[in-house]
Amino acid sequence: MNVGLEHYLTVSAMLFCLGLLGVILRRNVLVIYMSLELMLNAANLALVAFSRFNENLTGQMMVFFIITVAAAEVAVGLALIVALYRKRQSAHVEDLTSLKL
Amino acid sequence: MALPDILFYLFAFLTLLFGALVVANPFSRNPVTSAMFLVLTICAMAGLFVLLNAFFLAAVQILVYAGAVMVLFLFVIMLLDLKEEQRRKINLFGIVTGTGAVLGLGFLLTRTIWGGDLNQAANPRVIGDTKALGLELFTKGQFLLPFEIVSVLLLVAMVGVILLSKKELK
Amino acid sequence: MEPTSSIAGTTALLVLLLPLLAAIGITLFWKKDEEFSAQLSIGAIALGFALSLGIFAFTGDKAIEANFNWLSVGDLKVSFGLLLDPLSKLMLLVVTGVGLMIHIYSRGYLQGDRSYSRYFASLSLFTFSMLGIVLANNLFMMFVFWELVGVSSYLLIGFWFEKNSAADAAKKAFLTNRIGDFGFILGIILTWLALGSVNFAELAHALEGKAFPFASLTEPLGKIAGGTQWWIVHPNVLATLVGLLLFMGAMGKSAQFPLHVWLPDAMEGPTPVSALIHAATMVAAGVFMLCRIFFLLEIPGSHALEFIAWIGGGTALLAAVMALQQNDIKRILAYSTLSQLGYMVMAVGLHSPRSAMFHLTTHAAFKALLFLGAGSVIFACHHEQNIWKMGGLRDAMPRTWWTFRWGTLALCGVWPFAGFFSKDAILASALEHNNIPLFVLGVFIAGLTTFYMSRLVLVAFCGNARSEEASHAHESPGVMTWPLVVLAVPTLLAGAVGIDAYIGKLFPSEHPLHDGGFLENLFAPFNHNIFAASFGLLAVVAGYQIASALYVNTDRDRLPEKIGVLAKMARDRFYFDELYEWFISVTQETLARVADWVDRWIIAGLLVRGTHGTTELFGRALRLVQTGSLQTYAFLFAAGVVLVLAWQLLLQSPAH
Amino acid sequence: MSLLSAIFLLPLLAALVVLCIPRNYKFVIRLVTLGATVASMLLALTLFAKYNAAPVENGFKFVERHAWVSVSALKLDIGWHLGVDGINLGLIVMGAIVAFAAACVSREIKRLEKEYYTLLLVMTGGILGAFASLNLFFFYFFHELALVPTFIMIGVWGHGENRNYATFKITIYLSLGALIALAGLIALYIQSGANTFDIVDLTKAVKARPLPLAAQSLIFPLLLFGFGILVSLWPFHTWAPLGYGAAPTATAMLHAGVLKKFGLYGLLRVGIPLMPDGAAAWLEILAFLCLGNIVYCGLVAMRQKDLNLLIGNSSVAHMGFIFLGIASLSLVGVTGAVVVMVAHGFLAALTFGLSGALREKTGTLEMEKLGGLLRQIPFLGAALVMAMLAGCGLPGFANFVGEAMVLFGSWRAFPLVTTLATWGALIIGAVYMLRAVRNILHGPEKSEWAALKDASAWAKVPFVLLLAALLLLGVWPRLLTDKIQPSVATILTMANAKTADKAPRPSDVKKAVGEAKQRAVQPR
Amino acid sequence: MNASLIVLELAVVVLGLVVLVQDWFTPAKDRRTLGFGAVLGVAVVLFYSFFAFDGTETLYAFGNAYVLDGLALWFKRFFLLAALLVLLMATEFSDRFDAGQSEFFALILFALAGMMFAASANDFMLLFVSLELITVTFYVLVSFLRRRVESLEAGVKYLILGALSSGFLVYGIALIFGASGTMNFNELADKLTNNSALGHKPLLTAGILLVLVGLGFKMAAVPFQIWAPDVYQGSPTPTTAFLSVGSKAAGVVLLMRLLGTAIPDLAFNLEKLLMAMAAATILYGSLCAIPQRNLKRLLGYSSIASAGYLLLGFAVMNKAGSSAVLYYLAGYLFTVLAAFTVIAVVVQQAGAEDISSLAGLAQRSPLLATSLTLAMVSLAGIPPLAGFFGKFLLLKAVIAEGVRWHAYYWLFAVAVVGVLISLYYYFGVVKAIYWSKGATDLSPIPVSLPTKFALLVCIVGMFWLGLNPDGALELAVEAVKALKLTA
């Protein structure tokens, strides 16, 4: 079977779903955060694929920005997680339930 | 089957496999393992990028993502000295519903993708090399402004990281 | 408002308003000055009496109307209107005349009471209301004053409101009257709807020579009946219905069976009040009203009058029987009043408003006399009202005794006292209408009347004093006894002065009466209808004989031995009060209880609190979603995304 | 500021003034309040005196009109439009008098006076403004403006253990009613095609092009039940006794007396004339709901042990007469209904004022604990007796005139209902009113009340005023009816100009609505 | 390319940089003055915006990625005003930070810049980047009180869920780009007009929906509302205030652009979805707030409900609805900021966020009590305050659509239910202020001059919008002219 846009997109969608699954199921904040990176990467893959099949570099530009933004986000996020860990000695989401109802 | 197609299947398989191992690794619950598999996923994806002629992005993917971002992750894991995630009670209901939701999303996305209305150019010739992207970025106004905003964003991230992680003054 | 130029109208208005002004003046300004309050009140009614005499003397027989536009909305045109015709002029005299005596008498009787001024204010208010009924020229106005009479009697009966019995009696009187008024106003509404007016003259004019125009009632009544069923909308039924509804008003005010229960209780008021309200005026209002609207009752095809006659007769009999076994002097008089009112109503029912009015007039005089006499006795015996604790008063209170005895004779219907003539007129009208059962009933009641009155007189006045109070009794002061003497005059003479002929001008009958002068009138009953007269007298004799056999020189009641259970029933008023109490508690009170329960538990509880509770429950349940757990949140977020995507992709675009 | 706007803007201005006075100048605060309400009352009386029945264009006098919001792009045009005709004239005058009386009785308030008087003045201004407005937006706006102080006053200065519940209940009930009515009013705005909230313009537009039956059948019930809830139409009435029982005296007086009439006024002013066909289908139902008020709530009142609850229920019962009168669509009945509105305003204010005074003196309103008070407090007692008698429809008081007119006017339309209503008016009403008098005032004197003092001369003023008003209108009803009648006649002309010959049957309505639904474009 | 159009944003960014740099030269005790400086700067920018632009014509810059029209300008001023008030509040609040007062001000300014860019976004890339600027800034702002574990927890929750929503947003953008080949709103609209088949592509629909998810997250609309209560509760109060006004409005303006500029021809397909979301959001917010005792959390739920009311204006998809949304937002700005200002002061005094800490407020500070009462009354939608007229316009727009489709009447009914429930808890707050028992501490609360000023501005704003809506409504109508909507 000839590999087309659909195939790339399917991979991207499956990766996206894998990431989402990680966010939902894992309980370590760091792993959750990694899963979120997976989701972003899935989007990146879709964008690159579209970019190629649309004869248009805009998608790739978008990926460029997403990677940058993701890096910034990761920096802040990790700092936050570190700060929280210092406070609670845990990176486990089930310990993060003082705010509820 | 041509070589690019074989390579696609190879990289796709690796991407998904490593991705799956990031999320759920039957052998290790250690975050370090997840991080390492994430690096591998990213590398495999860089292969897909190459197949899609996005050479610059493939490089960035490995340099920035696998090289910098993931190092940050590993650094934090080491810093926090995270041990293997201790086993807690498995919430079967949560797993089932969560998996259900994700499967639902997967179904919907797949259904959309295979809906058969993708406009595929017959013979696309887009080369995403450094020069092309550089020209794009610095000649077209529409990318200039986001570029500048991202700089502010990076500043904010810097300030934020410093604020959040500097030693408490007392 | 433009008053008619008629002097008579203005004078009548003055008569009407004087007591009101007195009442207002006393309430607002001179409450502290008791003496002046009394004088003001008495002065107002005295002036009213004088002016009434003037009106009586100087106006002809032609009806005079004075109208002030009071309310005029659409078809409803109500005037504050006065009507001066023989009927109202006669009533004017009765009300102001008897009222004056009672006012004067009250000065003595109420001496030293804490609320002396309030008493006179209420009395004046009552007089005003009663005059209003008398003078009203339309049904609406009559209803207005009708209600005012009700409320002023409420105030007067409850004058000693600290006494539980008085407070209860006042309430009972008002409420019972209200039941009657309920029918009355419905009757007025139907009349207005059918005939388009509430003015007596206009109503009479509208009815002249025509059948009752029911068309406008047919449809609405059909609505109630669920379709125009013949028995509801048949003209005769409608005419009867309207008549009976109006009669309900009279039932209440004139204490006709079954609304008679309030009158005996009303004796809780001061005795002059009983004399004024529950003997001479207020209770007579019902009879007066029936005479006023007689033309509405005698519409061809209407059966209202028959019903009225039998209600009247029944009330008369029932009350007379109940009077047999009462021991409270005022209660005996109260039942007697009931009985006499039954007579009057029966007279109306017998197509003879003339004789009803006649009896009303004479009755007003002698019953007022009797009540005031009883008051004098009670006053003398330090508010002892039980006749068995009296006795021997004839010597201690000569003036009271004489006048009381005259009153009794008049009530019993002994020739030549006034009562004889009026009662005879009623009996005669029964014969004229060939209503033998009612005639017999009337005669029998006359006998009963004599019996219980003789019992009263023999027990209370004759024999020996049976209590400390009675033995120390003295004649009452002049301010109380002089009114007795004055009232004794009409008690003796009113029968033959031609009152019936005077009223007769308004109610032409097949036997036109003519006023032949005092002497001729004195013997007219015997010429006119010898049967009636002689049977009446015979009943009196029989009644007295039995009474004297039982009650001369005795200190206990021997009647119960003779008639057994009937006596107990009579004493206990045939258990009407208990029956009503039971009935009200199973109907209205139960309904109230149910309504209250529904309100509390179903509407306010189940529905309102239920909605409130459910909402809050929803809130409490819904926020459980906010578990605080990041994983749950992520799941919910993802589920939300899936939901939104599925909704739009699967449900909204079927074209796909 | 014209005469009419001055009547309700004065209290609002005074509210601002009071806000600026330091809180320890209690006397000044009170003085300003009294001054403003007196002035407003005198102005209202002047208005009443100046009003004559001479016909004018549109039927409204003392008209004042300014633009307020006019955004053509949204077809939004809301103008400030004031005016009086016979119907709201009486309500405004009554409201102004009751407001003054309410200000008088407010001496019972002993804490947070500044806030209290501010709210009282806002409430007064809102109430009077609502009745003076001829623009439905401001009509609603002012009503809501008056409602909020009501809620807060009950909550802050209210009485009893149920206060909190009562506050929330009244808040939510009344807001529900107001919102439903608002829905109706907006729908009217849109469906009339006139794109205006102005009553006069709407009337003109509807006269030129009656609303389609489907629209009427939709909007009228919204207005009926929206307004109905505000007026405690059975079975949406339970807020009223509870709320009034808990409310501070002045609030109960103003709300039960005046503000509550808003719904009735709205129904009469908007609902009936603009939607005759919609109304026709509902009026019969309304008539039967009236019985819920008159008979059922009367019966409930009979069972009350607390005077305020009794009065509250009786006030609910009285609303039934007004509804009945309106439902009859007869000149006599509707005029009578308007008279009852005014009369009940005075009466409710009087009874709540008296019960407040009684509570202030004895500390309780439980009738079993009271008794034999007439001797100690002759003035208050006598006034209470008069109020109770007025409440059971005694001639001489204005209530009688109105209720009698209602009964006269509605028998033809609803014979059975009217008959039962008469029962409620004459008998049930008398039963509970007299019971109250009997239990509170009559009977043996009790030792614990021996030291009770009657009202002082100043404290008598509001009661004398209210009683005088009731008596004046009772003795001389033409003062009102002559002014009301022409305005009611105008409304009835519209109300009776149905497009169909007779009332549409429910099935017709259903069909019309169904067709309209089908016609309606499906989602874009 | 007309780069001068971004002068306002530029000024704000520069202001933020100045604050950051100036921190270096300012002694710790004087750092508050930096806050006032920032306030002043924002005020100047706001003032300048009225001279620099009038918004009557639509100006483009940066390859049509940036648009400056009435709508953008309206929202820029809105954000500036919000930031101004929030900065005032933050200045008062900054005593509670161990360190980084100046950074707090600077971050608020950077978030403001992000919001202002968002107001002008005419391109998915700009949309994404400006939204990320806002979000990332808020990660820091939310967790600013890093000694309080609640603050950090809120930060992490916001971080994870925010990143999740970003993931969906990005994927959505990717799908839209894939389907249409463009990222520019105008081009997308043109393509949709020229190629009707494009509108039926599930790929495009899915993309739009995923973007909607991202924006719904910002607005806290059901089913993406779940973060709001926790984050509102845990954040420092000025952050919460800015979050509930600024961040929400950013979502609103972007959604408006998306529906009104990018996909005007497709927007009607979303009608039912938006209706359902509006109804669910109103009910969820209102119901969950009933048993709530924590003030900030209560306002969190209330903010969800408000998002529902805003969605009403989107669901009707016409100018009446959109202008009503703007009007409602304007009223919401003053109302919510007044509420949060009071809460900030009270919480600082009482040390607890429970409703009971309001007990006796009427005695302790009449100004605070009055402000909070007015805010609650306005939120409840009662005249004569701003909230009333805003809700009135929204409800009117909904009922007007009812003529077309009766389902809108049900939507209205839901809104009414929501309003009623909300009355219950808003009045609970008023009750706590005035007549709750057990007020132990009755000492007066000192209110600083800037706070007084802020409250006064809010009160005047509430009354102004409630009593004299003509001008403001005219502005809103002008603003939505930029959108391709039916009248």
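In what follows, every chain begins at residue 1, and chains take the letters A, B, ... in the order their sequences are listed.
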Over 12 foreign heavy atoms within 6.0 Å of NZ, A:K100:
no
Shorter than 4.5 Å, heavy atoms on both sides: which option in E:P291, E:G162, E:A174, E:G155 has the most such pairs with chain A?
E:A174
Which residue, E:V140, E:I160, E:V156, forms the side chain to side chain contact (heavy atoms under 4.5 Å, CB included) with A:L80?
E:V156
Hey, what do you get for OG (E:S166) to CD (A:E73), rounding to the nearest 0.5 Å?
5.0 Å
Hey, could you give me the CD/CG distance between E:E153 and A:L84, rounded to the nearest 0.5 Å?
7.5 Å
Could you report the tightest heavy-atom contact between E:A163 and A:L36, atom names first, then the distance?
CB-CD1, 3.6 Å
What pair of heavy atoms forms the shortest contact from E:M183 to A:T58, and how long is it?
CG-CG2, 3.6 Å
So which part of A:L40 gets closer than 4.5 Å to some heavy atom of chain E, the side chain, the backbone, both or neither?
side chain
Heavy atoms only, distances under 4.5 angstrom: which of E:L133, E:V136, E:V170, E:D230 has the most pairs with chain A? Name it, please.
E:D230
The interface call for E:Y301 against chain A, heavy-atom contacts under 4.5 Å, is side chain
Evaluation steps, ring-ring contact (aromatic ring centres under 6.0 Å, His included), between A:F65 and E:F128
CA-CA 9 Å; A:F65 286 119; E:F128 168 71; 8.4 Å; no
Can you tell me how far CE of E:M125 sits from CE of A:M61, rounded to the nearest 0.5 angstrom?
6.5 Å
Quick one: which of A:I66, A:L9, A:I32, A:V23 has the most heavy-atom pairs under 4.5 Å with chain E, could you say?
A:I66
Interatomic distance, E:L164 atom CG to A:I24 atom CD1 [nearest 0.5 angstrom]:
7.5 Å
Distance only, no hydrogens: is a donor on one side chain within 3.5 Å (strictly under) of an acceptor on the other, for E:E150 and A:S98?
no
How long is the straight-line distance from OG of E:S143 back to NZ of A:K87, given to the nearest 0.5 Å?
13.0 Å
Flag the one option from E:F168, E:Y171, E:F124 with the top tally of heavy-atom pairs under 4.5 Å to chain A.
E:Y171
Heavy-atom contact with chain E under 4.5 Å, split by part of A:A13:
both
In this structure, CG of A:N54 is separated from OG1 of E:T182 (nearest 0.5 Å) by 10.0 Å
Quick one: are E:L152 and A:Y85 in side-chain contact, heavy atoms under 4.5 Å?
no
Would you mind checking which part of A:S35 comes under 4.5 Å of any heavy atom in chain E, side chain (CB onward), backbone (N, CA, C, O), both or neither?
neither
